[in-house]
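For the single chain, residues carry numbers from 1 onward in sequence order. Because the structure is a prediction, the values reported are computed rather than measured.
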Amino acid sequence: MKLCKKIVELQNELFEVRKKGQSVGLVPTMGALHDGHVSLVKRSIAENDVTIVSVFLNPTQFNDKKDLERYPQNLDADCELLEKCGADYVFAPTVKEMYPVPDKRRFDFPPVTSVMEGAHRPGHFNGVCQVVSRLFYITKPDAAYFGEKDWQQIAVIKQLVKSLGLKIKIVECELIREESGLAMSSRNALLTAEERDVASNIYRVLKESVSYATSHSVQETHDFVVNSINTYPELKVEYFSIVNNDTLEDVAKWDDCQGISGCITVFCGKTPIRLIDHIAYKE
């Protein structure tokens, strides 16, 4: 495995890869890697000749400076894990390397960029599109791998690829959970053991709501989830949206469309850590 911190260094390596006609898979990450990331890397390795994992904490997608400052980082540990996985390249640029000049590009794909995370984190998806498009231009992958925990983000990236006319396959990978059911996230490392335990109730309630929904309305199901999670003093729901899988817009009735999911964001703990999850009601 080779660590590249400069764009030109990685591109020189990839020039030789392309000369051999080898396929390239890209796994974009912000570091603090865990088993969820490992599953993405292993899938890319299985489906491509060469796998690149980017490790870059992207400042442009954070609308809360404190959130950026406390996001966990450990490049040495990440590289050790990726070498064990069998990744070929780690791309870990500095902010200046990725953004030699301020990125003033604007990306907007309503409604998928304007609801849920888009509404609660102004500028977040614009920053995601900035960094992902940069990574795509730098690496020119055949396929890019994203975890379904960031369910809305995948929808945004698909719109980005379509808008830019890129021939990159976006591969959605299964959400990986801890034994407790808590969705794996780099942010989980910021939770205490007690907070981690109580956070497992997010998924427990979401699962219960699937059965609840069979005999209750959309609004009743929404209220059941929010009220159930908010009974825990350590948890506070920021939003819970029951949405059309295609447009990500809220639905009013279960028969409004074919695919329906519930997407939630919950703050956990005294120094609130923001956790996201989702569940399918209708596939």
Side-chain angles (χ1 to χ4, degrees), residues 27-47 53 55 67 71-72 74 77-78 81-82 84-85 87 116-117 128 144-157 170-213 221-222 224-226 228-232 234-243 245 248 259-269 272-283:
V27 182
T29 83
M30 292 204 298
L33 305 184
H34 51 69
D35 285 348
H37 295 110
V38 169
S39 69
L40 306 183
V41 176
K42 288 185 175 178
R43 182 156 178 190
S44 177
I45 290 170
E47 296 178 357
V53 181
V55 177
D67 190 22
Y71 198 90
N74 191 333
D78 290 343
L81 180 63
L82 292 171
K84 289 178 181 176
C85 290
M116 296 190 294
E117 292 293 280
V128 168
Y145 296 76
F146 296 88
E148 288 183 343
K149 179 181 75 70
D150 297 301
W151 191 72
Q152 184 178 6
Q153 177 177 275
I154 293 174
V156 172
I157 290 168
I170 302 302
V171 183
E172 302 177 41
C173 300
E174 180 184 2
L175 189 160
I176 305 298
R177 298 185 180 277
E178 298 182 1
E179 286 187 18
S180 66
L182 178 63
M184 285 193 176
S185 169
S186 299
R187 296 177 191 273
N188 293 356
L190 301 174
L191 300 171
T192 66
E194 293 77 12
E195 289 167 349
R196 211 177 188 113
D197 185 57
V198 76
S200 66
N201 288 292
I202 299 169
Y203 184 53
R204 180 187 62 76
V205 170
L206 288 177
K207 284 198 300 181
E208 288 180 2
S209 75
V210 174
S211 298
Y212 184 92
T221 303
H222 171 277
F224 168 78
V225 169
V226 172
S228 297
I229 291 175
N230 282 344
T231 59
Y232 296 91
E234 304 91 341
L235 301 178
K236 180 174 178 55
V237 175
E238 181 180 28
Y239 70 83
F240 176 55
S241 299
I242 299 177
V243 302
N245 283 353
L248 308 191
I260 297 177
S261 295
C263 302
I264 196 163
T265 296
V266 180
F267 289 106
C268 178
I273 305 303
R274 198 169 185 274
L275 305 173
I276 64 174
D277 207 339
H278 71 278
I279 195 103
Y281 290 110
K282 289 174 64 180
E283 299 285 358

Using a 3.5 Å distance criterion without hydrogens, assess whether the side chain of [X] forms a donor-acceptor pair with backbone atoms of [Y].
X: Asn245; Y: Ser261; answer: yes
X: Gln152; Y: Glu117; answer: yes
X: Asn74; Y: Ala77; answer: yes
X: Ser44; Y: Val41; answer: no
X: Asn230; Y: Val237; answer: yes

Contacts of type side chain to side chain contact (heavy atoms under 4.5 Å, CB included), residue Glu234, not counting sequence neighbours: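 With neighbours one apart ignored, the set is Val198, Tyr232.
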
Under the side-chain contact (heavy atoms from CB on, under 4.5 Å) criterion, do Asp150 and Ile276 qualify, and how do the steps go? CA-CA 8 Å; Asp150 297 301; Ile276 64 174; 3.3 Å; yes

Residue pair [X] / [Y]: nearest heavy atoms and the distance that separates them:
X: Ala213; Y: Thr221; result: CA-OG1, 3.5 Å
X: Leu248; Y: Ala155; result: CD1-CB, 4.0 Å
X: Ala199; Y: Leu275; result: CB-CD1, 3.8 Å
X: Gly31; Y: His37; result: O-CE1, 4.1 Å
X: Ser39; Y: Ile176; result: OG-CG1, 3.5 Å
X: Ala87; Y: Ile45; result: N-CD1, 3.8 Å

Test salt bridge (charged side-chain N to carboxylate O under 4.0 Å, His left out) applied to Glu148 - qualifying residues, sequence neighbours left out: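 Counting only residues at least two positions away or on another chain, Glu148 forms no salt bridge (charged side-chain N to carboxylate O under 4.0 Å, His left out).
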
Exactly one of Lys42, Glu172, Glu47 should register a side-chain hydrogen bond (donor to acceptor under 3.5 Å, both in side chains) with Tyr145. Which one does?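 The single option meeting the side-chain hydrogen bond (donor to acceptor under 3.5 Å, both in side chains) with Tyr145 is Glu47.
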
Atom [atom1] in [X], atom [atom2] in [Y]: separation rounded to 0.5 Å?
X: Ile242; Y: Ile260; atom1: CD1; atom2: CD1; answer: 8.5 Å
X: Ser200; Y: Glu179; atom1: OG; atom2: CD; answer: 12.0 Å
X: Tyr239; Y: Met116; atom1: OH; atom2: CE; answer: 5.5 Å
X: Leu235; Y: Ile202; atom1: CG; atom2: CD1; answer: 5.5 Å

More than 12 non-hydrogen atoms from neighbouring residues, nucleotides or ligands closer than 6.0 Å to NZ on Lys282, yes or no?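 Counting neighbours around NZ of Lys282, more than 12 heavy atoms of other residues, nucleotides or ligands fall under 6.0 Å, so yes.
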
Pick out which of Asp197, Thr192, Leu191 makes a side chain to side chain contact (heavy atoms under 4.5 Å, CB included) with Glu194.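 So, applying the side chain to side chain contact (heavy atoms under 4.5 Å, CB included) to Glu194 and each of Asp197, Thr192, Leu191, only Thr192 qualifies.
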
Does any non-hydrogen side-chain atom of [Y] lie less than 4.5 Å from one of [X]?
X: Val243; Y: His278; value: no
X: His34; Y: Asn188; value: no
X: Pro72; Y: Leu190; value: yes
X: Asp67; Y: Arg274; value: no
X: Val225; Y: Tyr212; value: no
X: Glu208; Y: Ser228; value: no
X: Met184; Y: Asp35; value: yes
X: Leu40; Y: Val53; value: no

Mind telling me whether Phe240 and Tyr281 have parallel, tilted or perpendicular rings, with 30° and 60° as the class edges?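 Tyr281 and Phe240: perpendicular rings.
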
Please determine whether side-chain contact (heavy atoms from CB on, under 4.5 Å) holds for the pair Asp277 and Arg177, giving the CA-CA distance in whole Å, both sets of side-chain angles, and the decisive distance to 0.1 Å. CA-CA 10 Å; Asp277 207 339; Arg177 298 185 180 277; 2.8 Å; yes

For Ser186 and Met30: C-alpha separation, side-chain torsions, deciding distance, then whether side-chain contact (heavy atoms from CB on, under 4.5 Å) applies. CA-CA 9 Å; Ser186 299; Met30 292 204 298; over 6 Å; no

Taking it one step at a time, do Ile264 and Val205 satisfy side-chain contact (heavy atoms from CB on, under 4.5 Å)? CA-CA 11 Å; Ile264 196 163; Val205 170; over 6 Å; no

Considering only NZ, NE, NH1 and NH2 on the basic side and carboxylate oxygens on the acidic side, decide whether Arg43 and Glu174 come within less than 4.0 Å.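 No.
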
